[in-house]
Amino acid sequence: MAAHLITGAGSGIGAVLAERLAERGDDLWLLARDARRAAELRERFPGAQTLVGDLGTPAKLSWALGHQAPPIELDSLLHVAGIVELGPVGELPVKAWQDTLNVNLVAPAELTRLLLPSLRLVRGHVVFVNSGAGLRASADWSAYAASKHGLKALADSLRAEEHGHGVRVTSVYPGRTATAMQVKVHQQEGKEYDAGQWIEPESVVKAILTALDVPRDAEITDITVRPGR
């Protein structure tokens, strides 16, 4: 039975991923920003264990996990959580940059650092759910794209460093996906939202599971998922 730690399991891709892994009978560890959110996750995913740690304040993650009991052995660390704030460079305030970089880049780096010993023990897998914005940047997407470009660099460096330990690293680059984040993006763009135009979270999850399930003689390093309609 594999053990997986998921960020962002409360909605969208993370929620579907948690559901599919639970259906397999795997052990779920779900990171929540606070105790109330942790209780909601345990109610939604019976049998799951929760850890409390705020990705918005990555400097406190070490202290937070140090006062809890993270898994000793971890088969996968699945970074799904993320935030977005659109705006032109000439108008985007420093706080938007700091919040975006903290949640989308610094916190994944710190969480990975803290859990690497547990991953190395069982030759585990780190999956970063990135974005098409991690490969190209458009107008008004500077902070988000910068955080995701950085996440690609983090994944590439980690893969090179941990290959000798048997830890696999995968980056997944979804295009626009029908999630609550996409609703917010459309609101910020002033556009009407139609979920039917975009990728279903289930489709992205299938790509993630493919990377997790590939035999040990191979490593899927990068997956790009684009809208097919």
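Owing to the predicted nature of the structure, the values given are computational and were not obtained by experimental measurement. The figures here come from the full heavy-atom set of this structure, side chains too, leaving out hydrogens, waters and symmetry mates.
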Full working for side chain to side chain contact (heavy atoms under 4.5 Å, CB included) between L151 and N104: CA-CA 7 Å; L151 195 66; N104 293 357; over 6 Å; no
Side chain to side chain contact (heavy atoms under 4.5 Å, CB included) between L5 and L51, intermediate numbers included: CA-CA 9 Å; L5 195 152; L51 295 169; 3.7 Å; yes
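Put simply, CG on L61 and CG on D54 are 7.5 Å apart, with the number rounded to the nearest 0.5 Å. In this structure, CG on D75 lies 12.0 Å from CZ on R123, to the nearest 0.5 angstrom. Atom CD of Q68 sits about 6.0 Å away from atom CG of L65, to the nearest 0.5 Å. In this structure, the separation between CG on L17 and CD1 on I6 is 4.5 Å, given to the nearest 0.5 Å.
With hydrogens and angles disregarded, no donor-acceptor distance shorter than 3.5 Å links the side chain of H163 to the backbone of R159. Checked by atom type and distance alone, the side chain of E110 never pairs as donor or acceptor with a backbone atom of A59 at under 3.5 Å. The main-chain N or O of T50 is never found under 3.5 Å from a side-chain atom of R42 such that the two would form a donor-acceptor pair. Between the S118 side chain and the P71 main chain, a donor and an acceptor come within less than 3.5 Å of each other. Side chain of R20 to backbone of L209: no donor-acceptor contact under 3.5 angstrom is found. Remark: the backbone N or O of V52 is not paired with any side-chain donor or acceptor of R37 at under 3.5 angstrom. Side chain of E85 to backbone of T100: no donor-acceptor contact under 3.5 angstrom is found. A donor-acceptor pair is defined here as one N or O able to donate and one able to accept, closer than 3.5 Å; no such pair exists between the side chain of K152 and the backbone of S131. Checking side-chain atoms of R216 against main-chain N and O of G166 turns up a donor-acceptor pair under 3.5 Å. N130 places a side-chain N or O within donor-acceptor distance of the main-chain N or O of K148, the cut-off being under 3.5 Å.
Ion pairing between a basic and an acidic side chain is recognised when a charged N comes within 4.0 Å of a carboxylate O; E40 and R36 show such pairing. A salt bridge links E19 with R44: the distance from a Lys NZ or Arg NE/NH1/NH2 to an Asp or Glu carboxylate oxygen falls below 4.0 Å.
Pairing each heavy atom of A81 with each of L55, the nearest pair is CB-CD1, 3.6 Å. Closest approach of V122 to E73, counting heavy atoms only: CG1-OE1, 3.5 Å. The two atoms that bring S142 and W97 nearest to each other are OG-CZ2, 3.5 Å, heavy atoms only. The shortest non-hydrogen separation linking P88 to D140 is N-OD1, 3.3 Å. Annotation for L86 and L92: closest pair O-CD1, 3.7 Å, computed over non-hydrogen atoms.
Proximity of V214 to R168: side-chain heavy atoms (C-beta onward) are separated by under 4.5 Å at one or more points. Looking only at side-chain heavy atoms (C-beta outward), S76 and V127 stay at 4.5 Å or farther from each other.
Counting non-hydrogen atoms of other residues, nucleotides and ligands closer than 6.0 Å to CZ of R33 gives a total of 12 or fewer. Within 6.0 Å of the CD atom in E43, the count of heavy atoms belonging to other residues, nucleotides or ligands does not exceed 12.
Ring-plane geometry between Y144 and W141 is classed as perpendicular, the angle between the planes exceeding 60 degrees on a 0 to 90 degree scale with a lower cut at 30.
Note on V16 and V129: same hydrophobic cluster, where clusters join Ile, Leu, Val, Met, Phe, Trp and Tyr whose side-chain heavy atoms are under 4.5 Å apart, directly or indirectly.
With L78 as reference, L21 is the one residue of V126, L21, T7 to meet the side-chain contact (heavy atoms from CB on, under 4.5 Å) rule.
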